[in-house]
Amino acid sequence: MFDIRYIRENPDAFDAGLARRGLAPRAGEILAIDEEARKYTVVLNEMQEKRNAASKLIGQAKAKGDDAEFNRLREEVESIKSQMPVAEDIQKKKQDEIRDILSTIPNIPAEDVPEGEDEAANVEIRKWGEPKRLNDAKEHFDLGEALGQMDFETAAKMSGSRFVLLKGQLARLERAIASFMLDLHTGEFGYTECNPPLLVKDDALYGTGQLPKFTEDLFKTTGEHWLIPTAEVSLTNIVNGDILTEEELPLRFTAWTPCFRSEAGSAGRDTRGMIRLHQFSKVELVSITTPDQSKDEHERMTGAAEEVLKRLDLPFRTMVLSTGDMGFGAQKTYDIEVWLPGQGQYREISSCSNCGDFQARRMNTRYRVAGEKKKINPVHTLNGSGLAVGRTLVAIMENYQEADGSVAVPDALKPYMGGVEKIEALK
RNA sequence: GGAGACGUGGCCGAGUGGUCGAAGGCGCUCCCCUGCUAAGGGAGUAAGCGGUUUGUCCCGCUUCGAGGGUUCGAAUCCCUUCGUCUCCGCCA
């Protein structure tokens, strides 16, 4: 959500930012409405001032027992009040109009984000590990089904397509991966582990930017709740409406949760396997920082996510998303892509975004600037996957597969697997 | 789900129709005193929006969970709604 004052003062920069997103200019239209709204605000304020002053005098007149004055003032107030509803209506309508427009405008890309229409313009900034070229590399679903521990048919029986039933050591492996990630982020990167609600109200989704624009991506309950599409929603909204102090920033939260996505509009893509499911689990990282800290924090967070892959010895590359490929609330996003030998390509396993003050304005989350008691500014928010657990399972299976169809357990996960070193077919 | 209580500034907490944006306390900031420490004294301290000015000085409006209503006037009365707590029911 943009600050209307920013648009007033920098209309050209605002439109230029939108242009980088491939969007038409909006400043002129918004400022015209803004000017109308302010005009009526001034008129309304003046009427309210008169009304308040007269009301005060009424109290005094009554105390003095001056009935004539009392009645005269009552009529005066009455006449002022009769004119107010019109101005009120117009002012509210204009303000609502501005809010409705602003709430659907995406964040403006940071200066150093590469320009481009789509993912083709993303730029690789790092590469780690050597992509394995296995002979006869199998995809994870073939491996998993052969092991008898990854069952899409049974899942479809109860839930339809885009669901999976994991069993045996693969089910345990998923739990091991998540535990490993949480221990790393809490133990070495200072994140606080959270176990947040998975069902949230409109307001929370508005705060992080999924609403009002992206309802079709979400699952809604029959009541007032929505299923979270990512723990970013729950973790970021921890500070919704809060006034924090500079001393307590940055705040860092992590959580392992299921995520629910309708995947409307992705029909036909990744229909086989665990790459794109309606329900998947993810370890999420969220940071709340001061504006000064957010750039460094973004690098740090991305590093924390990359560290997971390094410890699992999974080759990856890190990309900066182009202006056309970024999400709604992001100023800058790094995608981490893991190498999948079965598919023979890199696939997204993490997305780390700096949202600047975009979500903070929507949530009205601010902090007191240290040393300046009057200053209260919006915080910055960041979120990243650290990592998508299901896709990590896929990456481990494809990278650690053996010729006999078994899957070796990465060293880093052995402590979490109760002595199991290799995942083999169920007897 | 049923019954009741409550939601006030960063926090705690008074306030049942006008003098309340709001006592008091805590916290915080500044100053004074005390040769460290501890303690004491004084002053200040809500946010949002707009006007004015670009002199962070002044002025106005709005806000006491949220939304609506009654009234010349509401933190205070009424309705709706959200949330919290207690008891009961149910249940993992």
Side-chain angles (χ1 to χ4, degrees), chain A residues 1-10 30-99 102 195-207 211 221-226 234 237-249 251 258 288 290 357 360-379:
Chain A
M1 170 76 89
F2 279 93
D3 185 355
I4 183 73
R5 283 171 303 189
Y6 169 80
I7 303 174
R8 271 181 220 149
E9 285 160 24
N10 311 280
I30 292 167
L31 291 180
I33 302 168
D34 176 50
E35 203 167 313
E36 276 292 286
R38 278 150 76 198
K39 209 166 78 191
Y40 280 94
T41 298
V42 172
V43 171
L44 193 58
N45 279 1
E46 282 167 1
M47 288 194 280
Q48 287 167 327
E49 186 181 353
K50 277 187 201 158
R51 179 202 60 191
N52 291 347
S55 287
K56 271 216 169 101
L57 293 176
I58 287 178
Q60 291 170 14
K62 201 174 182 188
K64 272 190 267 177
D66 186 344
D67 282 350
E69 181 69 356
F70 177 80
N71 286 322
R72 190 190 69 75
L73 287 164
R74 274 187 59 159
E75 275 170 40
E76 184 182 326
V77 170
E78 201 57 54
S79 109
I80 295 169
K81 276 187 24 173
S82 67
Q83 300 167 35
M84 284 173 53
V86 180
E88 267 170 7
D89 276 0
I90 298 174
Q91 185 212 29
K92 186 171 185 306
K93 216 158 119 193
K94 296 292 170 191
Q95 287 177 343
D96 286 351
E97 246 177 87
I98 292 171
R99 205 205 47 234
L102 290 182
N195 196 338
L198 308 178
L199 293 168
V200 297
K201 298 187 297 180
D202 289 10
D203 188 54
L205 287 158
Y206 179 83
L211 293 182
T221 66
T222 54
E224 294 308 304
H225 292 108
W226 304 75
S234 312
N237 276 284
I238 288 173
V239 295
N240 188 315
D242 288 351
I243 300 180
L244 307 164
T245 62
E246 181 161 0
E247 289 75 23
E248 62 189 306
L249 300 175
L251 292 169
I288 313 296
T290 66
D357 62 11
R361 285 191 189 283
R362 291 174 159 251
M363 295 191 300
N364 202 20
T365 303
R366 294 160 293 167
Y367 76 102
R368 283 180 200 282
V369 179
E372 297 183 61
K373 52 186 169 181
K374 284 250 144 182
K375 266 200 157 167
I376 295 182
N377 289 334
V379 297

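Quick note on labels: first sequence line is chain A, next is B, and so on, each numbered from 1. Please read these numbers as outputs of a predicted model, since none were measured by experiment.
- Atom CG in L57(A) sits roughly 13 Å away from atom C1' in rU19(B) (whole-Å rounding).
- Summarising the local packing, OH of Y40(A) is surrounded by 12 or fewer heavy atoms from other residues, nucleotides or ligands at distances under 6.0 Å.
- Atom CD in E248(A) sits about 10 Å away from atom C1' in rG10(B), given to the nearest Å.
- In this structure, the CD atom of Q91(A) is 12 Å from the P atom of rG51(B), given to the nearest Å.
- Going from the C1' atom of rG13(B) to that of rA3(B) covers 28 Å, rounded to whole Å.
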Given protein heavy atoms under 4.0 Å, the one-letter contact record of nucleotides 58-77 of chain B, with B base, S sugar-phosphate only and - none, is simply --BSS---------BS----
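- Base pairing of rU16(B) is not made with any nucleotide, judged by Watson-Crick or G-U wobble geometry with both donor-acceptor distances under 3.5 Å.
- Side-chain N or O atoms of D242(A) include none that pairs as donor or acceptor with a backbone N or O of T365(A) at under 3.5 Å.
- Side chain of N10(A) to main chain of Y6(A): a donor-acceptor pair is present (N/O by atom type, distance under 3.5 Å, no hydrogens or angles).
- For rG27(B), the OP1/OP2 oxygens have no side-chain nitrogen or oxygen of R368(A) closer than 4.0 Å.
- Across rU53(B) and rG60(B), the matching C1' atoms stand 15 Å from one another, rounded to whole Å.
- The interatomic distance linking L244(A) (CG) with rA47(B) (P) rounds to 15 Å, in whole Å.
- Across the strands present, rC87(B) finds its partner in rG2(B); the criterion is a Watson-Crick or G-U wobble pair with both atom distances under 3.5 angstrom.
- Within 4.0 Å of R8(A), counting heavy atoms only, lie sugar-phosphate atoms of the nucleic acid but no base atom.
- Rounding to whole angstrom units, CD of residue E246(A) and P of rU29(B) are separated by 14 Å.
- One finds a side-chain N or O of R366(A) lying less than 4.0 angstrom from the OP1 or OP2 phosphate oxygen of rG48(B).
- A donor-acceptor distance shorter than 3.5 angstrom exists from the side chain of E248(A) to the backbone of T245(A), with no hydrogens or angles considered.
- Scored by the salt bridge (charged side-chain N to carboxylate O under 4.0 Å, His left out) test, R361(A) finds D3(A), D357(A) as partners (sequence neighbours excluded).
- Shown here, rU29(B) forms a base pair with rA43(B); the pair counts as Watson-Crick or G-U wobble because both key distances fall under 3.5 Å.
- Side-chain N or O atoms of S234(A) include one that pairs as donor or acceptor with a backbone N or O of P197(A) at under 3.5 Å.
- Residue D203(A) contributes atom CG, which lies 12 Å from atom C1' of rG83(B) at whole-angstrom precision.
- Atom CD1 in I243(A) sits roughly 9 Å away from atom C1' in rG9(B) (whole-Å rounding).
- One atom, CD of E247(A), and another, C1' of rG27(B), lie 13 Å apart when rounded to the nearest Å.
- Atom CD of E35(A) has 12 or fewer heavy atoms from other residues, nucleotides or ligands within 6.0 Å.
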